[in-house]
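Below, each value reflects all heavy atoms present in this structure, side chains not excepted, and no hydrogens, waters or symmetry copies.
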Amino acid sequence: MAAPISFISKLFGSRLFKFRRKKKPEAEVKGPRPRPARGNKPLKLAQEQHPAGGQDQEHRPKREAPKAEPVDPYSLSLPVGHVIFELWRVCRDQGGSFPRPELSFRTEEPQVFDPKTSMAELTKLLMSVSSSAAARLSAMTPPAAPPPTPEQQLTEGPQDPEPLVPPDLDAQATVFISGDKLSAWLLIYPPSGKGEDVTKGIIMNALGAAGVAFGVDLDTVRAIPEMEAPYFRMHLIARGKAAVPGKDGAVIDLYPREASRELPVDDMNRVDYTALRTTQNVEKGAPICRINPPTPGIAGRTVTDKELPTRDGVPAVAPMGRNTALNEDGSALIATRDGGLEFSGRAFQVNPLLEIDGNVDYSSGSVNFLGDVHIHGDVCSGFTVRAMGTVRVDGVVESSTIEAGGDLILSKGVQGNNQAVIRSHRDIFAKYLENCIVHAKENLNSECIISCEVYCDAGVYVQNGRGAIIGGRIWAGHEVDANIVGSKTEVRTTVVLGGLPCESYEKELLIKEIEELEQRLEETERQPSSPTKLSRMSKMRMQISVDRLKLSQHQKSLDELQDDTERRLAGRLTFRTAHPGTLVEIGGAQLKLENETRHSIATLIDGEVKLIT
């Protein structure tokens, strides 16, 4: 009995595992193998035999990509299979000689449409042409003869089909009206059979049917029938009248709204503060700015004879402030008095000028004025100068208080004896500052600051002249730039950067004042009752309420700053020389200089105050 055939034997015996042996050549040819003849088939190289960088491909001719033709935004490009080309071929087969259809909005300069508008109008033109050409093609196609009936085939026999006769149709004019209704275009199809060529009557009837009744170019209407090839072309046949909106009134300033505040520096790098001008003086009746009146709008008209409404110009708002008025015809803003011109907020205002020829002392008393103040002498100790505008002092400021709503210009300087308080709601310009408290809402410019307590919300610049900051404490919101910081005697000089210095100082003063008022109010309450006591208590309660309201406003500004971390920690100190004893503080981080340092910038980097040389 034969042994059973295993599965493995069956598998290997299948066709899947049948191998064909290569037949040996009958006679081996000794010697080098002959090279195959060169043919059209190129030789192939192995991957590792290709030169680096694909040099073999450089010898092959490169196929250049076909350059895309620029798109004409004024012409409609249609395929030859479009219905208008079928209509054109039918007209040509009927014996006519017509140019190829060319649908374009291009005209002589200036163009009717801008490129973007023309592209949108071409889309609508495509729909209109497709519809009108299809209808015209259907009307020009003669109906096919009916097939013969079986009875006719038996009696008459097979007959040749009768030739199709095109119908007699006059030329057809179709009107395309643009989307803004300001232009109408004519597209004319040729006649069929014994129909009549285009005439003026056909054109006018087409315009009337489309509702075109305004701006028709009659010269073009008369010229079209006389053209050699008027068909399958776009003709601009009517143009409307665009609406012209009125021009708004305008204010033409005769004075700059921001007065120049450049410091005049001489060849010795010294500033002449007496030549600094931050106020523009005007005389009564002088024009400050011209007021151009608005112009009325001009209504337009569409090609369908409908009005296009428009708007009239808006009158200009005159920047009229205090001590200014319009002249009789309203064409100019004039000053109603002599004074210093200033643009504040949204209006020009003329601040009256108070000039004091001598000193502010017992002969003049303290000054409290609503305009600008110019003091030609000194401000003596114990006196106060307050003004809503700019304050200029030609002499020396002693132990006094000066507060300016505008700029503060101190041509010589301040010798404060640790009692002077200098405040400005804008910039401060001073020859020197010594032993005083200084508040500047904007910038502070000086040649020398010695042992002062400075609060400045913007920048402190001590660059001209000696350009030294010696002793005291300088707190600036943005930056401090000085030639020299500190002294060789290593006097302690502190520079604090970032935050809102003036707001913080005002907050501290208000808190201290409220505490003193509350203490005095308690002491007054323990006194015997009297009309004087009640009056004093009422005044103190009122003052406490006002101070608390001011305190809440300052606290709100500081809270907003606290959310703005970048501004709170921003700031830098730039110096040419800094002596030992200089302390720089930014965002709570401090750096105390132990050695003399030159030409560096101190700023906050990764939470630490570092020097950049």
Does [X] reach the main-chain N or O of [Y] with its side chain, forming a donor-acceptor pair under 3.5 Å?
{"X": "Thr401", "Y": "Thr384", "answer": "no"}
{"X": "Asp253", "Y": "Tyr255", "answer": "no"}
{"X": "Asp372", "Y": "Leu353", "answer": "no"}
{"X": "Thr524", "Y": "Arg520", "answer": "yes"}
{"X": "Ser424", "Y": "Ile428", "answer": "no"}
{"X": "Ser538", "Y": "Ser535", "answer": "no"}
{"X": "Asn435", "Y": "Cys452", "answer": "no"}
{"X": "Asn323", "Y": "Val350", "answer": "yes"}
{"X": "Asp114", "Y": "Ser118", "answer": "no"}
{"X": "Asp378", "Y": "Val397", "answer": "no"}

Side chains of [X] and [Y]: does their closest heavy-atom pair fall under 4.5 Å?
{"X": "His579", "Y": "Lys488", "value": "yes"}
{"X": "Ile449", "Y": "Val454", "value": "yes"}
{"X": "Val303", "Y": "Ile177", "value": "yes"}
{"X": "Glu434", "Y": "Val414", "value": "no"}
{"X": "Ile409", "Y": "Val393", "value": "no"}
{"X": "Ile511", "Y": "Glu513", "value": "no"}
{"X": "Val609", "Y": "Thr603", "value": "no"}
{"X": "Thr302", "Y": "Phe214", "value": "no"}

Full working for side chain to side chain contact (heavy atoms under 4.5 Å, CB included) between Glu307 and Arg301: CA-CA 5 Å; Glu307 183 178 351; Arg301 207 81 182 170; 3.4 Å; yes
Looking only at side-chain N and O atoms, does [Y] offer a donor or acceptor that is under 3.5 Å from a partner on [X]?
{"X": "Asn483", "Y": "Gln463", "answer": "no"}
{"X": "Asn359", "Y": "His376", "answer": "no"}
{"X": "Asn327", "Y": "Asp329", "answer": "yes"}
{"X": "Thr577", "Y": "Arg598", "answer": "yes"}

For the atom pair [atom1] ([X]) and [atom2] ([Y]), what is the distance rounded to the nearest 0.5 Å?
{"X": "Leu354", "Y": "Phe369", "atom1": "CG", "atom2": "CZ", "value": "5.0 Å"}
{"X": "Thr390", "Y": "His425", "atom1": "OG1", "atom2": "NE2", "value": "12.0 Å"}
{"X": "Cys456", "Y": "Ile474", "atom1": "SG", "atom2": "CD1", "value": "9.5 Å"}
{"X": "Glu516", "Y": "Leu521", "atom1": "CD", "atom2": "CG", "value": "13.5 Å"}
{"X": "Asn417", "Y": "Ser399", "atom1": "CG", "atom2": "OG", "value": "4.5 Å"}
{"X": "Thr117", "Y": "Tyr74", "atom1": "OG1", "atom2": "OH", "value": "8.5 Å"}

Going by side chain to side chain contact (heavy atoms under 4.5 Å, CB included), Val385 matches just one of Ile402, Asn368, Ile356. Which one? Ile402
Which pair of non-hydrogen atoms, one from [X] and one from [Y], has the smallest distance, and what is that distance?
{"X": "Thr336", "Y": "Ala325", "value": "CG2-CB, 3.8 Å"}
{"X": "Leu611", "Y": "Ala602", "value": "CD2-CB, 3.7 Å"}
{"X": "Arg392", "Y": "Ser411", "value": "NH1-OG, 4.3 Å"}
{"X": "Asn443", "Y": "Ala458", "value": "OD1-CB, 3.0 Å"}
{"X": "Asp457", "Y": "Pro501", "value": "OD1-CD, 3.1 Å"}
{"X": "Ser400", "Y": "Cys380", "value": "CB-O, 3.5 Å"}

Run the side chain to side chain contact (heavy atoms under 4.5 Å, CB included) test on Ile334 and Leu326 for me, step by step, so that the C-alpha distance in whole Å, both residues' side-chain angles and the decisive distance to 0.1 Å come before the verdict. CA-CA 6 Å; Ile334 61 174; Leu326 293 175; over 6 Å; no
Ile469/Ile484 under side chain to side chain contact (heavy atoms under 4.5 Å, CB included): CA gap, chis, key distance, verdict: CA-CA 6 Å; Ile469 299 176; Ile484 302 172; over 6 Å; no
Can you label the angle between the His439 ring and the Tyr505 ring as parallel, tilted or perpendicular, going by 30° and 60°? tilted
I would like to know whether Glu585 and Arg473 meet salt bridge (Lys or Arg N to Asp or Glu O under 4.0 Å); could you show each step before the answer? CA-CA 11 Å; Glu585 179 179 344; Arg473 183 171 183 262; 5.6 Å; no
Worked check of salt bridge (Lys or Arg N to Asp or Glu O under 4.0 Å) between Arg423 and Glu506: CA-CA 12 Å; Arg423 296 172 180 265; Glu506 294 289 345; 2.5 Å; yes
Run the numbers on Asp481 and Arg576 for salt bridge (Lys or Arg N to Asp or Glu O under 4.0 Å), then give the verdict. CA-CA 9 Å; Asp481 193 341; Arg576 262 57 73 191; 3.0 Å; yes
Is there a side chain to side chain donor-acceptor pair (under 3.5 Å) between Ser178 and Ser183 once you walk through the steps? CA-CA 6 Å; Ser178 61; Ser183 62; 3.0 Å; yes
Salt bridge check: are Glu515 and Lys512 linked by an N-O gap of less than 4.0 Å? no
Between the side chains of Arg541 and Glu518, is the shortest nitrogen-to-carboxylate-oxygen separation below 4.0 Å, so that they form an ion pair? no
Take atom [atom1] of [X] as the centre, draw a 6.0 Å sphere, and report whether it contains more than 12 heavy atoms from other residues, nucleotides or ligands.
{"X": "Arg311", "atom1": "CZ", "value": "yes"}
{"X": "Arg322", "atom1": "CZ", "value": "yes"}
{"X": "Lys124", "atom1": "NZ", "value": "yes"}
{"X": "Gln590", "atom1": "CD", "value": "yes"}

Could you please spell out the steps behind the side chain to side chain donor-acceptor pair (under 3.5 Å) verdict for His374 and Asp394? CA-CA 8 Å; His374 187 181; Asp394 294 342; 3.0 Å; yes
Trace of the salt bridge (Lys or Arg N to Asp or Glu O under 4.0 Å) decision for Asp305 with Lys181: CA-CA 9 Å; Asp305 202 19; Lys181 303 294 190 297; over 6 Å; no
Do Leu341 and Ile288 pass the side chain to side chain contact (heavy atoms under 4.5 Å, CB included) test, and can you show the C-alpha distance, the side-chain angles, and the key distance before you say yes or no? CA-CA 9 Å; Leu341 180 64; Ile288 299 172; 3.9 Å; yes
